[in-house]
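Atoms within a ligand are numbered from 1 in the order they appear, just like the ligands themselves.
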Amino acid sequence: MVALVDVRRLTPRTDAVLADPRLAAAEHRLGRAIVLSAVRRAQDRARAGEIEPAAVPDAAVESLPSHAATLTPVINATGVLLHTNLGRAPLSAAARDALQAAAGSTDLEFDLASGQRGRRGRGMLSALSAAVPAAEAVHVVNNNAAALVLAATALAAGREVVVSRGELIEIGDGFRLPDLLESTGARIREVGTTNRTTAADYAAAIGPQTAFVLKVHPSNYRIEGFTASASIAELAALSVPVIGDIGSGLLTPHPLLPAEPDASSWLTAGAAVVTASGDKLLGGPQAGLLAGRADLIARLARHPLARALRVDKLTAAALEATLTGPRPPVAEQLAAPQAELAGRADLIADALAAVGIDARAQGCEAAVGGGGAPGVSLPSAAVSLPAELAAELRSGLAVRRGAMPAVVGRTEDGRLLLDLRAISPADDQRLTAAVRSAAAADPAAAG
Ligand SMILES: *Cc1c(COP(=O)(O)O)cnc(C)c1O
């Protein structure tokens, strides 16, 4: 009891700790609140007898986060290319540069040459138009769900949207497409059955109340066996516009994903408008892309709701750079030959084994994810480690201090697999360093 009172009295005062030059510098970088809470945590540890009172400033400095936001950089070693929980597509270097450049004041809706107001996001919109020549016009909103809500609100509020029963999907996290559409005041007219819907089913349902036919690519599941669905070309022959939700955001066909629809093909086949996500297979920032008939796109873009769904300058910058710049990481990772991944896994495993870590390379199967290309398995390669290292790699001290990225892998047969399919080769060194750091922090787990 006496010792405890002593420690409390000896714990340095907050203002004395804050005067430490390292903490004063951190206050400029991170703001007072974050530094203050690091100091309070260190003082609490001293009061609890966990650290010496004299160690409070050091402990506070050590527990400072590396950024003012709590989002932590992660190396995605899950083998799922588009992991929704890990922020889906990683941005290309070009997109990161562009959003950094746009972060301050920028000519988002200003024409520098004339000094007059300019069209908001025109660079992004012309990049998208150029990437989808089959579209007469394009528009961009916050995400694909917003694109669907805008289309349903502007074109179908109080009227009917005809959809196949096989395409009434749940997007994820409990959000269901039918609920989303009905939240706009549109009514859903379901046609066909779960496994089979024909063009005649749609034709029979179309009447004066029909605003449009919605064709959804059921991107996160597959129906096999006795199935039928109407093609875009068949639906385009009906008397109402066809809105097509392609989901994953491919703008042109992808040779490795023949079952994934793309915006150009659906528009060429007669879709009036297609909607897609920006942060799935397109490999860009979260965004909802709308492309198609000029009259319909203009109605969407001029609807009052469009103002509530518009993207900010950071998205505009990153999306334009994704469309015009070099192939984004997702496209590179999708295309990487298995032999290349295996070679990288060998090198990493050898480097780790050389310092006494129980690491070995092995072949494995990766996936596209993000609700895309279900049933497509991508041959991959992984570094296999003791499963006990997983927690340290995800959230060890080095990660919490921002010295190392978090590494999230997957557990298979009692081993932690770090799958290289969703990791760019440029990150191999960081990955190796993170594993070495975790193993050093927890040697018992590493051997
Ligand atoms: C992912 C997906 C959505 C939702 O897109 P967000 O950009 O996440 O809003 C909608 N429809 C389909 C078919 C999808 O695959």
For this session: Determine whether Thr70 and Pro65 make a side-chain contact, defined as any pair of heavy atoms from C-beta on separated by less than 4.5 Å.
Result: no
For this session: Report yes or no: is the cationic atom of Arg117 (NZ for Lys, CZ for Arg) closer than 6.0 Å to the six-membered ring centre of Phe110, at no more than 45° off its axis?
Result: no
For this session: Have a look at ligand 1 and work out which part of His217, if any, has a heavy atom under 4.0 Å from it: side chain, backbone, both or neither.
Result: backbone
Exercise. Between Arg307 (side chain) and Pro304 (backbone), is there a donor-acceptor pair under 3.5 Å?
Worked result: no
Exercise. Do Asn195 side-chain atoms and Phe226 backbone N/O form a donor-acceptor pair below 3.5 Å?
Worked result: yes
Exercise. Which option out of Asn143, Val141, Val149, Asn144 puts a heavy atom nearest to atom 5 (O) of ligand 1?
Worked result: Asn144
For this session: Could you verify whether a donor N or O on one side chain and an acceptor N or O on the other, from Gln338 and Arg421, lie under 3.5 Å apart?
Result: no
For this session: Could you tell me whether Lys280 and ligand 1 have an N or O pair separated by under 3.5 Å?
Result: yes
For this session: Compute the minimum heavy-atom distance from Arg88 to ligand 1 and say whether it is under 4.0 Å.
Result: yes
Problem set entry | Per-residue contact class, Glu170 against ligand 1 - non-hydrogen pairs under 4.0 Å | neither
Exercise. Taking N or O atoms only and a 3.5 Å limit, does Ser248 qualify as a polar contact for ligand 1?
Worked result: no
For this session: Within a distance under 4.0 Å of any heavy atom of Gly247, pick out the atoms of ligand 1 and give their elements.
Result: 12 (C), 13 (C), 14 (C), 15 (O)
For this session: Considering the heavy atoms of Asp245, write down every atom of ligand 1 situated less than 4.0 Å from one of them.
Result: 10 (C), 11 (N), 12 (C), 13 (C)
For this session: Taking the side chain as every heavy atom from C-beta outward, state whether Leu431 and Val383 have any pair of such atoms under 4.5 Å apart.
Result: no
Problem set entry | Gly288, Gly249, Pro261, Ala145: member with heavy atom nearest to atom 9 (O) of ligand 1 | Ala145
For this session: Mind checking whether Ile171 contacts ligand 1 via backbone (N, CA, C, O), side chain (CB onward), both or neither, at a 4.0 Å heavy-atom cut-off?
Result: side chain
Problem set entry | Pair Gln333, Ser424: side-chain N/O donor-acceptor within cut-off below 3.5 Å | yes
